[in-house]
Number of protein chains: 2
Amino acid sequence: MLPGMAENPPAPSRIRPLPSWLLGRAAARGRGLVAEALARHDLRMWHHVVLAAVADLGPVAQAELGRTISLDPKDMVGVLNDLQTAGLVLRTPDPADRRKNAVSLTPEGEQRLRECTRAARRANDELLAPLSAAEREQFLDMLRRISGVR
Amino acid sequence: MLPGMAENPPAPSRIRPLPSWLLGRAAARGRGLVAEALARHDLRMWHHVVLAAVADLGPVAQAELGRTISLDPKDMVGVLNDLQTAGLVLRTPDPADRRKNAVSLTPEGEQRLRECTRAARRANDELLAPLSAAEREQFLDMLRRISGVR
DNA sequence: GAGAAAACGTTGGCCCTCCCAACGACCTTC
DNA sequence: GAAGGTCGTTGGGAGGGCCAACGTTTTCTC
């Protein structure tokens, strides 16, 4: 039994063999480990994703940012409100187009992103601990093929 | 690009390499395929899981059922209400212990479970289509080790 | 046998992720 | 100048996940 995991009874016999069920359990474990790690930095998953995307693309229009990471405009508003309130991003009106605002990281945002990226990497190392290095490469390759993610 | 999948831009560079992110995307695809398949039988994921568990264990007390599949008692109430309304399960008071009711499948419930199990299997075959038979075994073995599921 | 503790099923509520629709202000196209 | 589209926001909901409290019933302890 893996450390930090309550032992659960086996899933029903018609569910247990379904790869989607196993994927769901594995993903839930991954999400839980990462959520716990990010919570220590007062962030949640989409906060981290948005900070990372702004670091890659910034300054970037909010709508463009949302399209890039496939986050609904309504949800983007909430995430940016949280990040702005925490002093991690700035929204600056675009003088050339008053419909838009440009999102950029503050120095605090850059620092928080570094911390979170390290924390997320450690959580992911724990997640994949049961696999050898060669198996990890194989596993990631298969995940990419299944999910269609580039 | 896999059939039926909109092409998305790549995730941010600090997020893209995270196994938990890839797991999340793969799991979301699996969940989506299964949800679509089950929806044609007017069911959702937990409806299917509960039917399958009752088939394995029934008649079974509601609280015991919830523990077996790790579903919160509050959520169990909702799922059983839906299944009972649809005529797929029965809740029968336990004469030996009036706190409990025993959950069992109706003949309609058994039939619906057979249909859903077939539909879920087909959806899962589609999910794993990019992998060879040998890779599928490897993949499932790795998922079991990572998730700690028996 | 009485009282305390625990179990059962339900109701209430919240959070997170995911998704759709409509609005007012603004920009682009013809 | 008018029509159509874009931007960011507000409104709403669904599904999954989780915690707390209640009334009733059963079990356990003294």
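Each chain gets a letter, A, B and so on, in the order its sequence line appears, and its residues count up from 1.
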Look at the side-chain heavy atoms of Ile, Leu, Val, Met, Phe, Trp and Tyr, link any pair under 4.5 Å apart, and say whether [X] and [Y] land in one connected group.
{"X": "A:Val60", "Y": "B:Ile15", "value": "yes"}
{"X": "A:Leu127", "Y": "B:Phe139", "value": "yes"}
{"X": "A:Leu23", "Y": "B:Leu140", "value": "yes"}

Within this structure, what is the [atom1]-to-[atom2] distance between [X] and [N], rounded to whole angstrom?
{"X": "A:Glu36", "N": "C:dC16", "atom1": "CD", "atom2": "C1'", "result": "16 Å"}
{"X": "A:Lys100", "N": "D:dT6", "atom1": "NZ", "atom2": "P", "result": "11 Å"}
{"X": "B:Asn81", "N": "C:dT11", "atom1": "CG", "atom2": "C1'", "result": "11 Å"}
{"X": "B:Asp82", "N": "C:dT10", "atom1": "CG", "atom2": "P", "result": "13 Å"}
{"X": "A:Leu80", "N": "D:dG8", "atom1": "CG", "atom2": "C1'", "result": "10 Å"}
{"X": "A:Met76", "N": "D:dG8", "atom1": "CE", "atom2": "P", "result": "9 Å"}

Determine: side-chain N/O of [X] to OP1/OP2 of [N], distance under 4.0 Å, yes or no.
{"X": "A:Asn101", "N": "D:dG8", "value": "yes"}
{"X": "B:Arg67", "N": "C:dG9", "value": "no"}
{"X": "A:Gln62", "N": "D:dT9", "value": "yes"}

Notebook entry, point to check: How about B:Arg91 and B:Asn81: does a side-chain donor come under 3.5 Å of a side-chain acceptor?
Noted result: yes
Note to self: Closer than 4.0 angstrom, basic N to acidic O: yes or no for A:Arg40 and A:Glu36?
What the structure shows: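 Result for this pair is yes, salt bridge flagged.
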Next item on the list: Just do the side-chain contact (heavy atoms from CB on, under 4.5 Å) check on A:Arg25 and A:Arg29 with the steps written out, would you?
Entry: CA-CA 6 Å; A:Arg25 295 304 97 194; A:Arg29 180 152 193 265; over 6 Å; no
Item checked: Heavy-atom protein contacts under 4.0 Å, nucleotides 17-30 of chain C, coded B base, S sugar-phosphate only, - none -> SBBB-----BS---
